[in-house]
Amino acid sequence: MNSNVKVMIYPYKKDYSELVYYYTEVLNQTIVLISGCFYEEMGPNINMFQNFSQGLENSETVIFTYSSLEEIDYNNIESAVCGKKKIIVSNKIYNFLPTSLSRYVSKTFGYNLSNYKEDPFANLFRMNIPIIGISGMGSNAEKTLTQIELSRFFESCGYKVCNIASKEYASLIGMNPLPSYLFENQNSVEEKVIGLNRYIYSICQHENYDVIVITVPGGIIPLNPFSYGDIGVMNFIFSNALRFDINILNIYAQKTNKKFINEIKKICMWKYAYTMPRIIMTHTGYYINSDDKKEIYIKESESQIENLYEEILGENRLTKFYKNSRKDIQKMGRSIIRELQENLG
């Protein structure tokens with residue numbers, strides 16, 4: 001895409017915030033959103049319009065984020081076709097579209113559709129390059145945002161980075177997507193461990209990478225006492241399939257203390273064998289709605305993050321990260337490079 005392309009993301013969802021960040025901050029493109037959606041941080045590269053028709057008129061590319069058959073608005077896709085816009089949809093939605101619309105789709109995205117192949121030699125392959133794994137306390141912990149900036153720093157230092165992202169739209173931000181069978185029920189946990197190990201190994205065989213940076217879907221522990229959800233299955237699979245040389249854990253922007261940080265490190269170490277994880281306090285706050293008991297994710301102010309960070313300043317391997325604190329990620333990147341060089345030495 002050219003730097004002046006205007007891209008509409010419709011309908012906008014919280015899960016796509018890192019895609020907005022990538023297009024506006026890395027590619028310097030303009031993102032078009034529709035009023036009523038909530039994007040955490042408006043800026044000069046984000047245009048807001050009242051309705052889909054106005055947004056479409058002011059866009060050249062439309063990324064439709066429909067995730068189910070029930071959600072698809074065929075009229076909107078037809079309007080994009082009539083407007084001769086470049087259309088991008090997920091693989092799953094593409095398969096739902098009639099030929100009259102699907103033939104106008106310019107690009108699709110999604111998890112890698114390679115099938116799991118039963119392996120008679122069920123041993124794990126060892127990667128010959130360092131692996132940096134990024135996990136989160138739970139969902140919406142800005143793992144991909146961390147991955148984008150950390151990888152940019154490594155590349156600026158001359159390293160060739162293999163990025164494998166947990167987002168379904170990984171290919172739209174220049175990263176490798178995860179295999180789809182990780183999210184399907186027909187494969188056992190053991191098969192997913194072996195399959196993931198083989199998948200990462202095969203990617204690394206095609207290019208002469210210096211480092212792998214990978215984000216793990218989901219969280220490390222259940223957080224909502226009213227809804228027993230994510231119990232860390234994906235972290236279990238990843239920690240068994242791969243040996244992370246560097247572990248990073250993103251936590252929410254909330255009042256905490258050194259005791260809490262130490263407890264989280266113990267969970268990472270004993271539950272997943274994540275040795276001495278680095279902790280990043282992100283700009284996302286996590287709350288539980290008092291009415292429906294559902295999770296709420298809110299972008300905290302930079303001053304709030306700084307205040308929270310100051311309360312536990314001095315804690316080993318702790319940093320903070322938000323849009324205007326890239327230097328903190330770069331500082332972490334330098335310490336990671338030093339550690340890897342010392343280990344190799």
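The chain is numbered in sequence order, starting from 1.
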Q.
Set out, in order, the CA-CA distance, both residues' side-chain angles and the distance that settles side chain to side chain contact (heavy atoms under 4.5 Å, CB included) for D210 and F154, then state yes or no.
A. CA-CA 10 Å; D210 297 307; F154 290 147; over 6 Å; no
Heavy-atom side-chain proximity of [X] to [Y] below 4.5 angstrom:
X	Y	answer
P217	F183	yes
F64	D73	no
I329	I280	yes
N176	C162	yes
F52	N75	no
Y111	E184	no
V7	I88	no
L182	F238	yes

Can a donor-acceptor pair be found, under 3.5 Å and without considering hydrogens, that links the side chain of [X] to the backbone of [Y]?
X	Y	value
S180	N112	yes
K86	S106	no
N197	V193	no
N47	V32	no
T282	I251	yes
T65	P11	yes

Q: List for me each residue that meets salt bridge (charged side-chain N to carboxylate O under 4.0 Å, His left out) alongside K293, sequence neighbours excluded, and say none if there are none.
A: none
Q | Under the salt bridge (charged side-chain N to carboxylate O under 4.0 Å, His left out) test, residues paired with D230 that sit two or more places apart | A | none
Q: For P98, enumerate each residue passing the side-chain contact (heavy atoms from CB on, under 4.5 Å) test, keeping only those at least two apart in sequence or located in another chain.
A: Y74, S100, L101
Q: Just jot down the side-chain contact (heavy atoms from CB on, under 4.5 Å) partners of T108, sequence neighbours excluded, or say none.
A: V89, N91, Y94, V105
Ignoring hydrogens, what is the shortest heavy-atom contact between [X] and [Y]? Give both atom names and the distance.
X	Y	value
R126	Y201	O-CE1, 4.0 Å
D245	I129	OD2-O, 4.2 Å
K13	E71	NZ-OE2, 3.0 Å
G110	P177	O-CB, 3.4 Å
E300	I305	O-CD1, 4.1 Å
S335	M332	OG-O, 2.7 Å

For atom [atom1] of [X], is the number of surrounding heavy atoms from other residues, nucleotides or ligands below 6.0 Å larger than 12?
X	atom1	value
K294	NZ	no
Q50	CD	no
E155	CD	yes
F96	CZ	yes
N208	CG	no
Y104	OH	no

Can [Y] be reached from [X] by stepping across I, L, V, M, F, W or Y side chains whose heavy atoms are under 4.5 Å apart?
X	Y	result
M269	I237	no
L97	L113	no
I261	W270	no
I231	Y252	yes
I220	V189	yes

Q.
Pairing donors with acceptors under 3.5 angstrom, does anything connect the side chains of S135 and N235?
A. yes
Q) Hey, are N247 and Y272 close enough side-chain-wise for a donor-acceptor pair under 3.5 Å? A) no
Atom pair [atom1]/[atom2] of [X] and [Y] - distance to nearest 0.5 Å:
X	Y	atom1	atom2	answer
N289	I296	CG	CD1	4.0 Å
S227	I288	OG	CD1	9.0 Å
I267	I221	CD1	CD1	4.5 Å
N76	S53	CG	OG	7.5 Å
S188	K192	OG	NZ	8.5 Å
E339	I337	CD	CD1	11.5 Å

Q: Could you check Q330 against S156 for side chain to side chain contact (heavy atoms under 4.5 Å, CB included), going step by step and ending with a plain yes or no?
A: CA-CA 10 Å; Q330 294 169 1; S156 72; over 6 Å; no
Q) Step by step, would you call Y286 with Y297 a ring pair (Phe, Tyr, Trp, His ring centres under 6.0 Å)? A) CA-CA 5 Å; Y286 172 91; Y297 303 95; 5.7 Å; yes
Q: Step by step, work out the side chain to side chain contact (heavy atoms under 4.5 Å, CB included) result for I34 and M8.
A: CA-CA 9 Å; I34 306 304; M8 178 162 68; 3.8 Å; yes
Q: Please name all residues satisfying side chain to side chain donor-acceptor pair (under 3.5 Å) with E168, sequence neighbours left out, ordered by chain then number.
A: none
Q: Give a yes or no on whether a salt bridge exists between E295 and K14, defined as a side-chain N under 4.0 angstrom from a carboxylate O.
A: no
Q) Under the criterion side-chain contact (heavy atoms from CB on, under 4.5 Å), which of Y169, Y66, F109 is the partner of S90? A) F109
Run the side-chain donor-acceptor check on residues 143-150: report pairs under 3.5 Å with partners two or more places apart or on a different chain.
residue: K143; atom: NZ; partner: V216; partner atom: O; Å: 2.7
residue: K143; atom: NZ; partner: G218; partner atom: O; Å: 2.9
residue: T146; atom: OG1; partner: E142; partner atom: O; Å: 3.1
residue: T146; atom: OG1; partner: N250; partner atom: ND2; Å: 2.9
residue: Q147; atom: NE2; partner: N163; partner atom: OD1; Å: 3.2
residue: Q147; atom: NE2; partner: I164; partner atom: O; Å: 3.2
residue: Q147; atom: NE2; partner: V213; partner atom: O; Å: 3.0
residue: E149; atom: OE2; partner: Y21; partner atom: OH; Å: 2.6
residue: E149; atom: OE2; partner: R152; partner atom: NH1; Å: 3.0
residue: E149; atom: OE2; partner: R326; partner atom: NE; Å: 3.3

Q) When you look at I212 and L242, which way does the side chain to side chain contact (heavy atoms under 4.5 Å, CB included) test go after all the steps? A) CA-CA 11 Å; I212 301 170; L242 307 163; over 6 Å; no
